[in-house]
K.L.:
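I'd like to ask some things about the structure below.
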Amino acid sequence: MWEILRRPLQRGSLAGEPATTLPAGIAHATRAAESEHELLGEALREEVRKLFRGSLKLRHLDAGSCNACESELLAMLNPFYDLQRFGIDVVASPRHADGLLLTGPVTRHLEEAVRLTDEATPRPRLLIAVGDCACDGGFCRESFAVHRGGQALLPVDVKIPGCPPTPTAIMRAARRARSGRGARAQRTRLNPPRRPRSGRYFPFAISRWRASRFSSPRPRA
Amino acid sequence: MTLQPGELFPLDSALRGIRERFSDAVIDADRTSLRERTVVVPAERLAEVAGAIVAEWGGMLLTLFALDERESAGRYRLHVMFSMAPEDAILTLVSAVPELAPAYRSITTTVPAAHWLEREMADLMGVTPMHHPDPRPLIAHEGWPRDWHPLRKDFTTGDTISWAPRWKFLPVEGDGVFEIPVGPIHAGIIEPGHFRFSTVGEAVLKLDARLGWKWRGLEKIAEGATLSRGLELAERVCGTCAFSHALAFCGAAEEIAGIVPPPRARALRSMAGEIERLLNHLTDLGGILTDVAYVVGASEMARLKEVVQQSADALFGHRFLRGVCVPGGVQRDLDDAQQLWLRRALADVRADVASVLRSARANAAVMDRLTATGVLTAQVARDFGVTGVAARRAAASATAARTIRTRSTASSTSRWSRAPAATCSRDSTCAATRSSSRST
């Protein structure tokens, strides 16, 4: 036991460190911006704090993926990325989850299992499609044996493209989702707009429309 | 391989045996390549010949599939391929199955490794193996009409799919027997599969597995695809063995075109293949340590995997080595400085893995859970065509058991780092390694 603990203790925490750095002078094919995931992670922590009171529990749901996305999701829990630091964790049951991480194009054989897992997740829940297959069917979308991604069956809130998306790309996409297309759905599903304290209730869009209609246009400078 | 005087290579002894014992088998004079031979066998004798190849002449079943030749010749053509290891040779048995009654005598009765392959073929091509010990569908789930065979050339999906259940678990009955269903969705980041355990107390009497949940019909969409599209599909059959599948696809394409890639490309392919193998072994070692709840070791394996994966990314341009292997060669070259750096980085990984395994072996809780769990005997390994680490270990244990009195230690053959090169398709190594842990 001491032997295995000695090295990590000498090394210190790996979280946020790059696993491999090529020394200067050696050509590299690709190189991620160093410690980018650290910055992204800090931003994610803030999101999770605001939206989920600091704890976001997700359930992984494999719907016919090639396991590359699974491998990258597992990598997010390794000592370098260590997603749990930011308050995000993968749990064992949909009953414990705030959301689902869907991978794969949803094969017809798994259709029922995907539906049942989704039904078992308490509302409101977040549906995150990880990888090209889960977003729109990806490379095998023309096959008769698959659906074209999660959106064919369920409302997808956040799409994380990539084949497979790297851990850094997953964090980047999750960060962008707040300001991007998935964000509105995410906000309204998780924090539905409150009724105004006084006066009649109008759905959000209508009240804004009314407001714009009856207010005088702002004079242009 | 060295031969004694008068001894034949396995392929040659198999061919001589077939010539002597099976007079109605025709050995094809037209060699496809030097060490690849085709033997045409009547369908009713297929099981007999296949059994003899495996039991007597040292063949190992590689794969089994059927071709739809109804339009041109009014038949299905069955191919059963054997590897004649240790020589790099392949023996293929070919049989014609008539169009109107597509059935033949199952070879699973003599070659157990054909079990799933024959069930898969029955589902996808509609060629029925008679007397198969377990004729339940493998790929076909509820919703597949009986006459639905996607790999037939005239297959169309049609509009409606009937939903008649066709699958039944084997019942286990008795006093105190409980049936525990698990899956298809499992707890954790892992792929689907439905398992049904029949247990009495802690003892598992039977495990019945239902698979095929993730069937994406890639075989069908690969029909008539271009070379680059084919490569794209091959790399995505199994995400964590992308390079092995790309290598197999490129090898097939090169063989058809009669091309031999340049020596440097072949060397780089071996290198990338070995990195992929290393990644999968690190994953599996981590998996075994996770399953016995040795979290420190599992986390250390996850770290090492990330190190190797980022090295692959930095040198070959992809974390899963996609896009490295293309028909005719490779996309990346490593210069001397890169090679030297990789050698040093892998030496560090090797030392770290050895250190983790030493501490795991010294841990009584780990060894208590692993020792005598899921023992794979040499006979079972041979019957089911187990390859890689698990097969070598099973064979080594059988040898060790015989020679245990004369040797002081018998474990020196299981050093993972000394394992000879092998590229695994179908993830057989990984699956077999997993079977040695207690995980379900």
Side-chain angles (χ1 to χ4, degrees), chain A residues 1-5 7-8 14 18-23 25-32 60-75 77-81 90-94 101 104-105 107-110 113-114 116-117 138-140 142-146 163-164 166, chain B residues 141-143 150 157 161 183-192 212-218 220-221 232-233 236-240 242 283 296-297 299-300 302-303 305-311 313-320 322 332 335 337-338 341 345 352 355-356 358-360 362-363:
Chain A
M1 180 54 89
W2 169 241
E3 189 188 345
I4 195 168
L5 281 178
R7 279 166 182 270
L14 291 171
T20 306
T21 36
L22 287 182
I26 293 185
H28 46 76
T30 50
R31 175 183 270 178
H60 170 241
L61 178 55
D62 179 345
S65 122
C66 71
N67 283 1
C69 291
E70 275 72 23
S71 182
E72 296 296 47
L73 288 176
L74 273 175
L77 303 174
N78 75 22
F80 292 103
Y81 301 103
V90 181
V91 292
S93 167
L101 284 169
T107 60
R108 287 186 186 269
H109 288 170
L110 278 168
V114 167
L116 288 174
T117 309
F139 75 101
C140 58
E142 72 251 41
S143 172
F144 64 90
V146 303
C163 186
T166 60
Chain B
H141 279 211
E142 277 89 348
T157 47
I161 299 173
I185 308 293
H186 292 276
I189 303 180
I190 196 161
E191 56 183 350
W213 297 92
K214 291 172 62 163
W215 190 70
R216 292 165 290 174
L218 296 188
K220 195 66 185 175
I221 53 177
E232 186 192 8
L233 291 175
R236 284 157 182 79
V237 169
C238 165
T240 49
T283 313
V296 187
S299 161
E300 193 67 3
R303 176 184 79 82
K305 187 188 170 197
E306 183 67 23
V307 169
V308 177
Q309 223 171 359
Q310 285 196 17
S311 309
D313 190 24
L315 295 179
F316 289 102
H318 199 278
R319 284 167 65 85
F320 294 92
R322 280 187 192 159
R332 299 270 174 194
D335 60 29
Q338 286 174 319
W341 178 82
D352 286 354
S355 149
V356 177
R358 253 199 317 277
S359 71
N363 189 312

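Chain naming here is simple, since letters A, B, ... match the order of the sequence lines and numbering starts at 1 in each.
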K.L.:
For A/H60 and B/G188, work out which heavy atoms get closest and say how close.
P.N.:
ND1-O, 3.7 Å
K.L.:
Return the option, out of B/P150, B/P184, B/A242, B/S311, with the maximum number of heavy-atom pairs under 4.5 Å with chain A.
P.N.:
B/S311
K.L.:
Please flag which part of A/P164 lies under 4.5 Å from any non-hydrogen atom of chain B: side chain, backbone, both or neither.
P.N.:
both
K.L.:
For a 4.5 angstrom cut-off between non-hydrogen side-chain atoms, does B/R216 reach A/F144?
P.N.:
no
K.L.:
Should B/F320 and A/N67 count as side-chain neighbours, where that means a heavy-atom distance under 4.5 Å?
P.N.:
no
K.L.:
Please classify the contact of A/F80 with chain B as side chain, backbone, both or neither, using a heavy-atom distance under 4.5 Å.
P.N.:
side chain
K.L.:
Examine whether an atom of B/R236 lies under 4.5 Å from a heavy atom of chain A, and if so say whether it belongs to the side chain, the backbone or both; otherwise answer neither.
P.N.:
both
K.L.:
Could you tell me whether a side-chain N or O of A/T107 sits under 3.5 Å from a main-chain N or O of B/W213, the two making a donor and an acceptor?
P.N.:
yes
K.L.:
For A/S93, is it the side chain, the backbone, both or neither that has a heavy atom under 4.5 Å from a heavy atom of chain B?
P.N.:
neither
K.L.:
Which atoms of A/L77 are under 4.5 Å from chain B, going by heavy atoms: the side chain, the backbone, both sets, or neither?
P.N.:
side chain
K.L.:
How many angstroms lie between NE2 in B/H186 and CG in A/L61, if you round to the nearest 0.5 Å?
P.N.:
12.0 Å
K.L.:
At what distance, to the nearest 0.5 angstrom, does CD of B/Q309 lie from CG of A/N78?
P.N.:
9.0 Å
K.L.:
Does the side chain of B/C238 reach to within under 4.5 Å of the side chain of A/C66, using non-hydrogen atoms?
P.N.:
no
K.L.:
Atom NE2 of B/H141 and atom CZ of A/R108: how far apart are they, to the nearest 0.5 Å?
P.N.:
14.5 Å
K.L.:
Using every non-hydrogen atom in the two residues, find where A/A145 and B/G217 come nearest and quote the distance to one decimal.
P.N.:
CB-N, 4.0 Å
K.L.:
Are any of the side-chain heavy atoms of B/P192 and A/L110 separated by less than 4.5 Å?
P.N.:
yes
K.L.:
Taking A/C69, A/G104, A/S143 one by one, which has the highest count of heavy-atom pairs under 4.5 Å against chain B?
P.N.:
A/S143
K.L.:
Under 3.5 Å, side chain of A/H109 to main-chain N/O of B/W215, donor-acceptor pair present?
P.N.:
no
K.L.:
Are A/C140 and B/I221 side-chain neighbours, meaning at least one heavy-atom pair lies under 4.5 Å?
P.N.:
yes
K.L.:
Looking at B/T240, B/I190, B/I189, which one forms a side chain to side chain contact (heavy atoms under 4.5 Å, CB included) with A/E70?
P.N.:
B/I189
K.L.:
Classify the side-chain pair A/S71/B/K305 by whether it contains a donor and acceptor separated by less than 3.5 Å.
P.N.:
yes
K.L.:
Return yes if some donor-acceptor pair links the side-chain N/O of B/K214 with the main-chain N/O of A/S65 below 3.5 Å, else return no.
P.N.:
yes
K.L.:
What part of B/V307 gets closer than 4.5 Å to chain A, counting heavy atoms only: side chain, backbone, both or neither?
P.N.:
both
K.L.:
Would a distance-only check, ignoring hydrogens and angles, find a side-chain to backbone donor-acceptor pair under 3.5 Å from B/R322 to A/C163?
P.N.:
yes
K.L.:
Return the minimal non-hydrogen interatomic distance between A/D62 and B/I185, and the atom names on each side.
P.N.:
O-CD1, 4.2 Å
